[in-house]
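Down below is the structure, laid out as structure tokens.
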Amino acid sequence: MQVSKLVLTRTALTAAIMAAIGGAALAAEQPPGPPGAPGLAQGTVSISPVTDAMLRNPAPGEWLQWRHNQAGWDYSPLNQVNTRNVKQLQLVWSRAMGPGIQEAMPLVHDGVMFLPNPSDLTQALDAATGDLKWEFRRPIPADANKYFPVPSINRSLALYGKLIIDMGMDNFAYAINAETGKLAWETKIHDYQKGAQQTSGPIIANGKVIAGRGCEPEGGPDACVITAHDAVTGKELWRTRTMPRPGEPGSETWADLPDEARWHTGTWLVPSYDPELNLVYIGTSVTSPAPKFMLGGNDHQYLYHNSTLAINPDTGKIVWHYQHVVDHWDLDHPFERILVDTAVTPDKSEVTWINPKLKPGEKRKVLTGIPGKTGLVYTLDRATGEFLWARPTVYQNVISNIDGATGKVTVNPAALMHKQGDSVNVCPNANGGKNWQAGTYSPLSNVMFYPLQNTCMQITAIASKPSLDSLYAFASKASIAPGTTNVGTIHAISVETGKTLWKYEQRAGTMSLVSTGGGLVFGGDTAGRFRALDQKTGKVLWEVNLGSSVTGYPISYSVNGRQYVAVSTGISLAGGGTSQLTPEVRASAGNNIFVFALPAR
């Protein structure tokens with residue numbers, strides 16, 4: 001059985017990451033260019049202003065925001081490329097990207113691709129040819145690596161008006177003029193030297209820039225915030241902490257810990273937004289340290305870690321929350337939340353936990369998907385947070401029960417650590433059954449598709465109390481889950497019934513997906529293969545070897561009536577960790593974007 005060992009301490013974290021993803025990453029994480037290097041703008045483009053109405057109902061050929069629509073579907077309605085002709089796909093253009101950890105989702109508007117590169121490098125490209133129009137390189141601190149092991153991650157951007165909006169590694173929100181590539185505004189959120197950074201861009205909700213943060217223990221609880229800024233001016237409108245202050249509702253869940261001892265509940269991916277309910281939905285991460293016996297004991301909740309938060313974007317108020325699991329193992333829950341209006345008829349033969357008050361076939365506005373590393377599907381009423389149903393996908397042993405009536409989760413007592421030196425076997429591992437690699441929802445069949453990994457770990461508590469030198473305070477040895485030799489899998493799951501419709505399994509780890517109106521699911525893997533699968537059957541219809549791990553989020557868009565499919569490759573933490581379980585998989589580590597289309601007519 002292949003295993004990999006990781007000791008998650010502050011002093012060892014950087015070295016462990018570099019070992020996991022290869023030596024090339026060390027050079028890649030160096031800030032590009034001298035501190036204070038100016039932004040570059042070689043030319044200009046012309047675009048129409050992006051409005052709230054356009055974001056609510058994006059045109060089929062555009063990709064204006066994270067996951068295409070505010071509901072987080074990651075679905076393109078385009079159908080020029082379909083199950084009948086996808087075998088004819090061919091490479092149209094490709095381009096090298098900047099160095100660093102590379103997990104990008106580009107945006108496309110009016111024939112222009114806006115591409116986030118590592119280390120706050122943004123480029124405007126002709127979406128049909130790949131020709132560079134302008135690029136903006138934000139000045140970044142020379143000591144960024146000192147405060148964050150991997151500061152270069154820059155997953156996504158937002159568009160509003162004629163601005164591109166992003167979150168900088170220096171802990172600023174900033175906007176670039178989308179036509180010229182020049183800085184429009186910047187607003188400081190925190191001192192980056194105090195342990196806060198965001199690796200993903202924001203979502204726009206009625207002209208407000210909503211974003212979370214990754215936060216290190218050095219910043220204390222005030223570093224762990226969700227913020228709103230005016231998209232036009234950059235003015236901060238509100239900030240909401242992810243851990244309650246003493247005396248606030250939920251504070252009692254932290255036992256008697258003082259405020260300064262509440263660490264590391266981050267929100268490091270992009271929210272979803274329901275404009276009708278006027279609610280933003282965002283997920284949170286584990287605490288530091290992870291084993292709760294080092295905090296106030298294993299029997300407390302420590303809100304709002306590993307939760308879904310529904311937030312009023314006008315005020316920043318938390319309207320409701322749902323905690324998915326009390327996390328002792330770094331099994332974060334910050335991933336995409338999918339918003340769907342659907343009948344809810346969970347199939348008791350496959351869905352383990354069901355709300356007994358639910359009437360089969362009842363129409364609900366739901367929030368669904370796999371929000372965390374445990375690999376469980378959760379379906380909640382997105383207006384109220386009411387638990388509707390949940391089920392496991394890949395093998396897991398950390399959750400033993402969920403009360404259907406209340407949604408309260410019971411942790412498997414055999415998975416708990418109680419003192420320094422305790423060691424338990426946990427599935428999945430800290431790399432996740434699910435991680436930031438994105439799933440997708442297709443309205444063609446009301447089905448969601450998820451890239452998952454079959455993993456476990458032996459985890460050992462290495463401390464007795466919190467320490468800035470011990471981020472998660474455990475060591476772990478990863479392995480493939482029992483009963484299989486395959487790491488990667490894709491599950492197709494009915495949103496209405498929760499039934500698994502098909503599975504695709506393979507040796508290499510699977511990466512992010514996108515579905516299309518042509519009945520296809522596109523996705524890649526850690527071996528560098530990028531493929532198209534039939535949404536109905538999971539059959540592979542087309543495949544190409546891109547040489548490097550497919551680390552970016554695939555998208556599809558059109559220019560002048562021609563449909564394109566774009567995806568990027570490179571280095572990623574999750575992909576590198578997964579690859580350690582498949583040492584025979586030896587993809588290279590090149591950061592590139594590839595764009596495909598059918599032959600021109």
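Aromatic ring centres of F335 and H333: separated by at least 6.0 Å. The distance between the ring centers of W63 and Y553 does not fall below 6.0 angstrom. Here the two rings, on Y304 and H321, have centers that are under 6.0 Å apart. Two rings, from W263 and Y302, have their centers 6.0 Å or more apart. In this structure, H491 has its ring center no closer than 6.0 Å to that of Y504. With ring centers used as reference points, Y75 lies 6.0 Å or more from Y441.
Using a distance-only test at 3.5 Å, with no hydrogens or angles considered, a donor-acceptor pair links the side chain of W502 to the main chain of Q535. A donor-acceptor pair under 3.5 Å is absent between the side-chain atoms of E336 and the main chain of A438, judged by distance alone. In terms of modelled atom types and a separation under 3.5 Å, the side chain of S494 and the main chain of T497 share a donor-acceptor contact. Under the 3.5 Å distance criterion, the side-chain polar atoms of Y472 are left unmatched by any main-chain donor or acceptor of V286. A donor-acceptor contact shorter than 3.5 Å is absent between the side chain of T489 and the backbone of L452. A donor-acceptor pair is defined here as one N or O able to donate and one able to accept, closer than 3.5 Å; such a pair exists between the side chain of N454 and the backbone of N486. T83 contributes no side-chain N or O that, together with a main-chain N or O of G519, makes up a donor-acceptor pair within less than 3.5 Å. Panel note: side chain T569, backbone G590; a donor-acceptor pair is recorded below 3.5 Å. S549 places no side-chain N or O within donor-acceptor distance of the main-chain N or O of T551, the cut-off being under 3.5 Å. For the pair D422 (side chain) and K419 (backbone), a donor-acceptor distance under 3.5 Å is present.
With contacts defined as side-chain heavy-atom distances shorter than 4.5 Å, the pair D525/Q506 qualifies. Looking at D74 and M105, their side chains come closer than 4.5 Å, going by heavy atoms from C-beta outward. Proximity of T308 to H324: side-chain heavy atoms (C-beta onward) are separated by under 4.5 Å at one or more points. Contact annotation: the side chain of H300 never approaches that of K292 to less than 4.5 Å [non-hydrogen atoms, C-beta and beyond]. Side-chain contact between T406 and F387 is absent, with no heavy atoms from C-beta onward closer than 4.5 Å. Considering only heavy atoms from C-beta on, T440 stays 4.5 Å or farther from M448 through its side chain. For the pair T267/P334, no side-chain contact is recorded, criterion being any heavy-atom separation below 4.5 Å from C-beta on. S470 is listed as a side-chain neighbour of I462, based on a closest heavy-atom distance under 4.5 Å.
Atom OG1 of T352 is separated from atom CD1 of I399 by 10.5 Å, given to the nearest 0.5 angstrom. The distance from atom CD of Q198 to atom OG of S156, rounded to the nearest 0.5 Å, is 8.0 Å. Here the OG1-CD distance, from T460 to Q420, works out to 11.0 Å after rounding to the nearest 0.5 Å. Here the CD-NE2 distance, from Q323 to H305, works out to 5.0 Å after rounding to the nearest 0.5 Å. Atom CH2 of residue W329 and atom OG of residue S476 lie 14.0 Å apart, to the nearest 0.5 angstrom. In this structure, OG in S152 is found 10.5 Å from CG in N117, a value given to the nearest 0.5 Å.
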task: Apply side chain to side chain contact (heavy atoms under 4.5 Å, CB included) to L376 and Q396, showing your working.
output: CA-CA 9 Å; L376 266 68; Q396 69 87 28; 3.7 Å; yes

- prompt: Does the side chain to side chain contact (heavy atoms under 4.5 Å, CB included) test come out yes or no for Q197 and R213, once each step is laid out?
  reply: CA-CA 6 Å; Q197 180 205 17; R213 308 228 73 65; 5.8 Å; no

message: V366 vs L380, test: side chain to side chain contact (heavy atoms under 4.5 Å, CB included). Steps then yes/no.
response: CA-CA 5 Å; V366 307; L380 310 176; over 6 Å; no

- request: Would you sort out whether N429 and T455 count as a side-chain hydrogen bond (donor to acceptor under 3.5 Å, both in side chains), showing the intermediate values?
  value: CA-CA 6 Å; N429 69 11; T455 65; 3.1 Å; yes

message: Please determine whether side-chain hydrogen bond (donor to acceptor under 3.5 Å, both in side chains) holds for the pair Q458 and S423, giving the CA-CA distance in whole Å, both sets of side-chain angles, and the decisive distance to 0.1 Å.
response: CA-CA 7 Å; Q458 190 69 26; S423 184; 2.9 Å; yes

query: Given T284 and N306, is the side-chain hydrogen bond (donor to acceptor under 3.5 Å, both in side chains) satisfied, shown in steps?
result: CA-CA 5 Å; T284 61; N306 274 35; 5.2 Å; no

field: Full working for side chain to side chain contact (heavy atoms under 4.5 Å, CB included) between L331 and V325
entry: CA-CA 9 Å; L331 297 179; V325 64; 5.6 Å; no

side-chain hydrogen bond (donor to acceptor under 3.5 Å, both in side chains) between E496 and T345, worked out: CA-CA 6 Å; E496 178 178 350; T345 314; 3.1 Å; yes

task: Tell me, with the steps shown, if K365 and D341 meet salt bridge (Lys or Arg N to Asp or Glu O under 4.0 Å).
output: CA-CA 4 Å; K365 294 180 179 296; D341 296 349; 3.4 Å; yes

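In this structure, E362 does not pair ionically with K357, as no charged nitrogen and carboxylate oxygen lie closer than 4.0 Å. Ion pairing between D327 and K373 fails under the 4.0 Å rule for side-chain N and carboxylate O. With salt bridges taken as basic N to acidic carboxylate O contacts below 4.0 Å, one links R364 and D381.
Residue C456 comes nearest to A481 through the heavy atom pair SG-CA, 3.6 Å, listed as atom of the first residue, atom of the second, then distance. Looking at every heavy atom in both residues, S400 comes nearest to W353 through O-CZ2, 4.2 Å. Closest non-hydrogen pair, T526 versus M511, comes out as CG2-SD, 3.9 Å.
Residues S548 and S588 bring a donor and an acceptor atom of their side chains to less than 3.5 Å of each other. No donor-acceptor contact under 3.5 angstrom links the side chains of R67 and S272, judged on distance only.
Using cut-offs of 30° and 60° for the angle between ring planes, the F530 and F522 rings count as parallel.
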